Amino acid sequence: MADTASMTVRELAGAVASRAVSAVEAARVSLDRIASADRSLRAYLQVFEERALARASEIDRRLAGGESAASIGPLAGVPVALKDNLCTGYGRTTCGSRILEKYESPFSATVVRRLEAAGAVVVGKTNLDEFAMGSSCENSAFHCTHNPWDVTRAPGGSSGGSAAAVAARTVPLALGSDTGGSIRQPASLTNLVGLKPTYGRVSRFGLVAFASSLDQVGPLARTVGDAALALGVIAGFDEQDSTSLEALRQGDLDFVRDLERPVAGLRLGVPRQARSPQNHPAVAAALEASIGVYRGLGAEVVEIDLPHLAYGIAAYYIVAPAEASSNLARFDGIRYGRRAETGPGDHLMALYSRSRAEGFGPEVQRRIMLGTYVLSSGYYDAYYLTALRARRLIKRDFDGAFSAEEGMPGVHAVLMPTTAGPAFKIGEKTSDPLAMYLEDIYTVTANLAGIPAVSIPGGFAEKAGTDGQDLPVGMQLLGPAFDEARLLRIARMHEAATRWHERAPGVRG
Ligand code: GLN
């Protein structure tokens with residue numbers, strides 16, 4: 001069998017299109033790798049073996065019948081995995097929660113329908129922190145996922161299952177969701193490219209809501225080109241999502257076409273605040289190395305000031321729980337999922353509270369309490385409103401950095417680390433929620449400002465892992481709203497110059 005597992009999305013789609021490899025072969029390789037590698041990684045919550053093989057053979061049949069690969073779609077025969085907070089009209093959609101353990105969605109999310117319409121073959125659904133709340137996958141109600149670079153470490157979260165699945169080469173592409181960093185942070189800890197698109201760029205219809213004003217779906221892949229291709233497939237106006245941007249109805253969704261064309265006259269800004277003494281030495285070194293890479297390519301790199309970056313975590317951990325407390329009210333033991341046992345004399349309230357107490361894990365309960373508190377009438381102004389003000393100031397910082405007006409920095413993108421350190425040990429931060437929240441220090445601002453951001457492989461912390469393995473560290477590029485095409489070109493310049501993405505983890509099943 002061809003070594004399809006080491007192929008990128010674009011290579012594999014090309015091989016299927018030219019019929020050098022069959023879609024069934026590609027699906028088989030993916031399923032076999034899951035069977036072997038996932039025993040130690042536990043990236044998957046469900047695997048759709050039969051359905052995947054049937055879908056793949058359908059694609060082979062269409063190709064054999066003379067249909068062109070172009071008409072089937074740009075992902076014809078490519079195995080993909082989905083974070084399990086994306087609704088699928090088949091299998092279960094659990095959100096990593098007991099409350100939805102047996103939940104079967106009657107429909108598929110728009111992004112899932114678009115992937116499948118482009119020929120992708122969904123092989124399974126991946127583990128996550130419950131309702132996407134967390135940075136390590138340890139908040140999953142089912143089990144934690146292990147980092148393929150060092151199985152004693154977390155793959156990040158909340159899309160840690162999707163990251164481990166791609167990093168371990170079980171699939172070349174997976175979808176995640178990013179509310180405060182959940183695509184970029186796991187990408188950073190597993191040497192992947194993870195893209196959070198502009199808010200409104202990708203439909204949220206069928207993504208189980210965590211914090212509706214922050215959530216976006218995006219790809220995790222091994223190369224910038226693959227992320228660009230996937231973005232083109234999932235992006236675009238959707239009338240079922242009221243925050244999907246109507247103006248993009250006719251928008252250009254080809255993010256691959258100009259990818260190899262370096263950005264001429266590139267100007268990057270490095271926030272003074274991101275050169276924090278709290279950065280791991282390897283992260284600090286990787287940031288300086290990336291600056292060197294871009295300068296070597298002729299770019300101008302300037303220091304900028306994002307004075308409100310420091311308020312990102314505080315604002316995020318008020319806004320996100322506030323929205324979550326409202327969104328999660330629908331899980332009441334009646335309309336969806338788990339229903340607690342009640343006796344004949346029990347009041348309806350007992351059914352609600354028992355179902356929720358049994359169904360939600362401790363982090364979700366903590367966020368519901370926090371969110372309810374900051375929205376309560378006595379505290380709304382002091383906390384929620386203040387957080388919204390901080391959010392506005394953060395957005396203004398970025399607008400200023402991107403502004404080309406006289407006296408403004410006028411940068412095309414902001415460059416900073418994705419996380420302050422490489423992958424941490426499983427269990428290391430579970431007893432200290434605040435330490436876990438600090439994982440998001442460099443990522444939450446993009447969600448608060450609504451702008452696109454991508455994490456790319458940034459190098460390695462040498463011998464930092466257990467038994468002296470090298471551990472990947474990520475760099476992040478943030479751009480103006482709806483500027484993904486240029487942002488990805490800037491990312492591609494770094495990738496082509498460094499080739500960090502070519503290094504694969506040792507645990508390969
Ligand atoms: N780690 C952050 C949180 O726990 C971000 C999660 C996310 O992006 N879904 O809220």
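Remember, predicted model here, so these are calculated numbers, not experimental data.
At a cut-off of 3.5 Å, with distance as the only test, a side-chain donor of Asp84 or Thr94 sits close to an acceptor on the other residue. Lys196 and Ser182 form no side-chain donor-acceptor contact under 3.5 Å, judged by distance and modelled atom types alone. Between Ser136 and Lys429, the side chains place no donor N or O within less than 3.5 Å of an acceptor N or O (distance only, hydrogens not considered). Side-chain atoms of Ser290 and His494 include a donor-acceptor pair closer than 3.5 Å. Looking only at atom types and distance, the side chain of Glu484 has a donor-acceptor partner in the side chain of Thr198 under 3.5 Å away. Under 3.5 Å, the side chains of Lys83 and Ser158 contain a donor-acceptor pair of N or O atoms. Checked by atom type, the side-chain pair Ser188/Thr419 shows a donor-acceptor distance below 3.5 Å.
Remark: the backbone N or O of Gly479 is not paired with any side-chain donor or acceptor of Arg486 at under 3.5 angstrom. For the pair Thr126 (side chain) and Leu82 (backbone), a donor-acceptor distance under 3.5 Å is present. Not a single donor-acceptor pair under 3.5 Å links the side chain of Asn147 to the backbone N or O of Arg153. For the pair Asp150 (side chain) and Leu471 (backbone), a donor-acceptor distance under 3.5 Å is absent. In this structure, Asn127 contributes its side chain and His143 its backbone to a donor-acceptor pair below 3.5 Å. Judged purely by atom type and a 3.5 angstrom limit, Arg33 uses its side chain to pair as donor or acceptor with the backbone of Arg169. With hydrogens and angles ignored, the 3.5 Å screen pairs a side-chain donor or acceptor of Asp38 with a backbone N or O of Ala43. At distances below 3.5 Å, not a single donor-acceptor pair connects side-chain atoms of Ser140 with backbone N or O atoms of Cys137. The closest donor-acceptor contact from the side chain of Gln185 to the backbone of Gly156 lies at 3.5 Å or more, if one exists at all. With hydrogens and angles ignored, the 3.5 Å screen pairs no side-chain donor or acceptor of Ser30 with any backbone N or O of Val171.
With rounding to the nearest 0.5 Å, the separation of CD1 in Ile490 from CZ in Arg267 is 12.5 Å. Remark: Asp226 CG to His501 NE2 distance equals 9.0 Å, nearest 0.5 Å. Note: Ser455 OG to Ile183 CD1 = 11.0 Å, rounded to the nearest 0.5 Å. The CZ atom of Arg222 lies 10.5 Å from the CE atom of Met7; values are rounded to the nearest 0.5 Å. Interatomic distance, CG of Asp60 versus OG of Ser22, reported as 4.5 Å (0.5 Å rounding). A distance of 10.5 Å separates CE in Met416 from CG in Leu287, rounded to the nearest 0.5 Å.
The aromatic rings of Phe210 and Tyr316 lie perpendicular to each other, with more than 60° between the two planes, well past the 30° mark. Relative orientation of the Phe460 and Trp149 rings is tilted, given thresholds of 30° and 60° on the angle between their planes.
When all heavy atoms of Tyr442 and Asn279 are compared, the pair lying nearest together is OH-OD1, 2.8 Å. Pairing each heavy atom of Leu195 with each of Leu231, the nearest pair is CD2-CD2, 3.7 Å. The heavy-atom pair separating Leu259 from Arg492 by the smallest distance is O-CG, 3.5 Å. Residue Leu253 comes nearest to Ala235 through the heavy atom pair CD1-O, 3.6 Å, listed as atom of the first residue, atom of the second, then distance. Nearest heavy atoms, Thr145 versus Pro155: O-CD, 3.0 Å. Counting all heavy atoms, side chain and backbone alike, Ile59 lies closest to Gly77 at CD1-N, 3.7 Å.
Shown here is Phe48, whose CZ atom has more than 12 heavy atoms of other residues, nucleotides or ligands within 6.0 Å. Few gaps surround CD on Glu303; more than 12 heavy atoms of other groups in view lie less than 6.0 Å from it.
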Pair Val364, Ser97 - check side chain to side chain contact (heavy atoms under 4.5 Å, CB included), show working.
CA-CA 9 Å; Val364 174; Ser97 181; over 6 Å; no
Can I get a per-line list of side-chain donor-acceptor pairs under 3.5 Å for residues 444-454, giving both atom names and the distance, sequence neighbours left out?
residue: Asn447; atom: OD1; partner: Arg184; partner atom: NH2; Å: 2.6
residue: Asn447; atom: ND2; partner: Asp178; partner atom: O; Å: 3.0
residue: Asn447; atom: ND2; partner: Asp178; partner atom: OD1; Å: 3.0
residue: Asn447; atom: ND2; partner: Thr179; partner atom: O; Å: 2.8
residue: Asn447; atom: ND2; partner: Leu214; partner atom: O; Å: 3.4

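Ser177 has its side chain out of reach of Asp215: every pair of non-hydrogen atoms, C-beta onward, lies at least 4.5 Å apart. Contact check for Arg367 versus Tyr317: side-chain heavy atoms found under the 4.5 Å cut-off. Residues Tyr90 and Gln46 are not in side-chain contact: their nearest non-hydrogen atoms beyond the backbone lie 4.5 Å or more apart.
For Glu138, there are no salt bridge (charged side-chain N to carboxylate O under 4.0 Å, His left out) partners, not counting sequence neighbours.
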